[in-house]
Undergrad: 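The structure is given below, and queries will be raised subsequently.
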Number of protein chains: 2
Amino acid sequence: MRKPQPFPYRYAYPHPAVTTDVILFTIKDAQLQILLIRRAQPPMQGSWALPGGFLNIDESLEDCANRELQEETGISGVHLEQLYTFGRPDRDPRERVISVAHYGLAPSDKLSPTPASDAQDVNWHPINDLPELAFDHADIVNLAHRRLVKKLDDASTAFQLIHPEFTLSELQAVFEIILNKRLDKRNFRRRMLDMELLEETGKSFSNGNHRPAKIYRSKNPERVVILK
Amino acid sequence: MRKPQPFPYRYAYPHPAVTTDVILFTIKDAQLQILLIRRAQPPMQGSWALPGGFLNIDESLEDCANRELQEETGISGVHLEQLYTFGRPDRDPRERVISVAHYGLAPSDKLSPTPASDAQDVNWHPINDLPELAFDHADIVNLAHRRLVKKLDDASTAFQLIHPEFTLSELQAVFEIILNKRLDKRNFRRRMLDMELLEETGKSFSNGNHRPAKIYRSKNPERVVILK
DNA sequence: GCAAAAGTGTTCCAGATACACCCATGT
DNA sequence: ACATGGGTGTATCTGGAACACTTTTGC
């Protein structure tokens, strides 16, 4: 235990460690997947875990989450949102650790995760087929998944998981994968178009022995949804 | 700065302090109010602030919130839910402090806050007429208020702000105060009764020169809503 | 009998759902 | 010509919002 310090007004008892963890969702191979690292360091060396790590004493929580994601997976520039704070006293064997979990969405094709720092390996894993996870990370993923489903009823959420220009069928696939159910094509298209969030690019996309699809884009691609 | 320690796997860099803060809502004098303490200790001695304080190294976040509420205001037994974690690097002048905010609801008539511990005074304050608050507590209150409004569309939230047996008019008043708008009596009553969350007690309540009101109670009073 | 809050039904609108066929293209 | 996914319209249901009068009581 630390001794009380003479620093004015400073709390004199032991401080827990604070970390951030990141759940990064993507859609890949028609499945909802998350990014995991294989831990290169003890404890739980060799286990799969969420990217994340200790807070620097002068950085914000969100900066920490972004930095750890970048350091461990090479991925940066994703908009992360705070999810929940996990603090069970026994959740980490090292010492008392409070973890502020963040989540984000990204289209997988633009991202090339590369292991670095504390990670000996990095990979996407289907949310429905996850390996055993270190610490309480399975709980964290669970909560993040439920939040994502809720968040999807703001349609612009789905745009973050898709390339900037897309067909309505591709967009519908994103919804169907996350909601894990089939949607009616006509109703889906009407709903999307009625929201006035989409515009036609004029281009179309021809894929096989069938009619080409119109390509759309989001009208306000920079829209950041604040939904604390 | 602390020196790296020899403890196995322990993070060797300075740890922030972790606190919890509590926003406790009630309805009193036909207004939505929150519980504030006047700080007895520096920093910000004499300012109004949310009850809260430092996390003990082996207690859960929720236990900490409950303990601090109890220590500073004498109030216990309220169900608290995590709100959000605030961690701006400069939000506390003492040192780096991460605060995990919690909120809860309680009927004011059963509670008698009494100052203790770090508080030299405790009082309810109308949300629409708050004093200047210490630290970033105004932001925290703001977010809590918005969350409460959202949470209200699960009607059972309102039951937490009212005595166990109540008339529909009293319940409607709770909604009107939180939503800050008038509701239609017929629509409100139909909506409440259609949900099948209420049952008649058989009793009625006579109040003045008019027809007495039926008294209802919640069908499942112990229902704890988990809405992370 | 009058003042005051309790109690009660119907209409309307918007958004969600269910449902089946023609269109444009590649082979 | 046929196989394949793209594209379209209508009927129905459901939940929310608007709206005014009768009932029961105390004085």
Side-chain angles (χ1 to χ4, degrees), chain A residues 27 29-30 149-159 162-163 165-218, chain B residues 27 29-30 149-159 162-163 165-218:
Chain A
I27 289 187
D29 306 331
V149 170
K150 241 189 248 158
K151 200 174 153 68
L152 195 64
D153 60 14
D154 175 350
S156 60
T157 299
F159 301 160
I162 209 168
H163 8 263
E165 305 198 333
F166 48 84
T167 69
L168 285 179
S169 295
E170 287 170 329
L171 188 61
Q172 183 173 344
V174 171
F175 277 78
E176 290 183 341
I177 290 166
I178 297 178
L179 299 177
N180 193 31
K181 65 176 176 192
R182 299 299 318 268
L183 300 175
D184 180 83
K185 206 199 320 189
R186 284 165 292 190
N187 293 337
F188 179 79
R189 295 163 102 89
R190 181 180 30 252
R191 192 153 64 86
M192 287 302 123
L193 296 172
D194 285 357
M195 286 184 197
E196 315 245 317
L197 294 174
L198 295 181
E199 60 187 6
E200 301 191 12
T201 61
K203 289 177 272 185
S204 67
F205 172 66
S206 194
N207 190 24
N209 325 340
H210 56 82
R211 178 170 177 176
K214 288 185 188 171
I215 298 182
Y216 292 82
R217 76 169 78 88
S218 166
Chain B
I27 288 186
D29 305 331
V149 169
K150 243 190 246 159
K151 201 174 154 69
L152 194 64
D153 60 16
D154 175 350
S156 59
T157 299
F159 302 161
I162 210 170
H163 7 263
E165 305 199 332
F166 48 85
T167 68
L168 286 179
S169 297
E170 288 170 327
L171 188 61
Q172 184 173 344
V174 171
F175 276 77
E176 290 183 342
I177 289 165
I178 296 177
L179 299 177
N180 194 30
K181 65 176 177 192
R182 298 300 317 268
L183 299 176
D184 179 85
K185 204 196 326 186
R186 281 164 294 186
N187 292 337
F188 178 80
R189 294 164 103 91
R190 179 179 34 253
R191 192 154 63 86
M192 287 302 123
L193 296 172
D194 284 356
M195 288 184 197
E196 316 242 318
L197 294 174
L198 295 181
E199 60 187 7
E200 300 190 12
T201 60
K203 290 179 272 184
S204 65
F205 173 67
S206 195
N207 190 24
N209 324 341
H210 58 82
R211 180 171 176 173
K214 287 184 186 171
I215 297 182
Y216 292 82
R217 76 169 78 88
S218 166

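Any value given below was found using the heavy atoms of this structure, including those in side chains, with hydrogens, waters and symmetry copies removed.
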Undergrad: Which pair of heavy atoms, one from B:Leu168 and one from B:Phe188, lies closest together, and at what distance?
TA: O-CE2, 3.7 Å
Undergrad: For A:Gln172 and D:dG5, give me the distance from atom CD to atom C1', rounded to whole Å.
TA: 12 Å
Undergrad: To the nearest Å, give me how far apart NZ (A:Lys181) and P (C:dA16) are.
TA: 12 Å
Undergrad: Quick check: do B:Leu152 and B:Phe175 have side-chain heavy atoms less than 4.5 Å from each other?
TA: yes
Undergrad: Figure out the CG/C1' separation between A:Leu171 and D:dG5, and round it to whole Å.
TA: 16 Å
Undergrad: Would you mind building the protein contact string for nucleotides 3-10 of chain C? One character per nucleotide, 5' to 3', B for base within reach (heavy atoms under 4.0 Å), S for sugar-phosphate only, - for untouched.
TA: BBBBBBBB
Undergrad: Please report the distance, rounded to the nearest Å, between CG in B:Leu183 and P in D:dA18.
TA: 10 Å
Undergrad: Once you round it to whole Å, what is the distance between C1' of D:dT8 and CZ of A:Phe188?
TA: 16 Å
Undergrad: With heavy-atom distances below 4.5 Å as the criterion, would you say the side chains of B:Met195 and B:Leu198 are in contact?
TA: no
Undergrad: Can you check the B:Asp194 CG to D:dG15 P distance for me, whole Å?
TA: 9 Å
Undergrad: To the nearest Å, give me how far apart CZ (A:Phe205) and C1' (D:dT4) are.
TA: 14 Å
Undergrad: Would you indicate whether the side-chain heavy atoms of B:Met192 and B:Leu197 approach each other to under 4.5 Å?
TA: no
Undergrad: Please tell me if the side chains of A:Arg182 and A:Glu176 come closer than 4.5 Å, counting only heavy atoms from C-beta onward.
TA: yes
Undergrad: Side-chain contact test, heavy atoms from C-beta onward, threshold under 4.5 Å: evaluate it for B:Phe159 versus B:Val174 and give yes or no.
TA: no
Undergrad: Between C1' on D:dT14 and CE on B:Met195, what's the gap in Å once rounded to a whole number?
TA: 15 Å
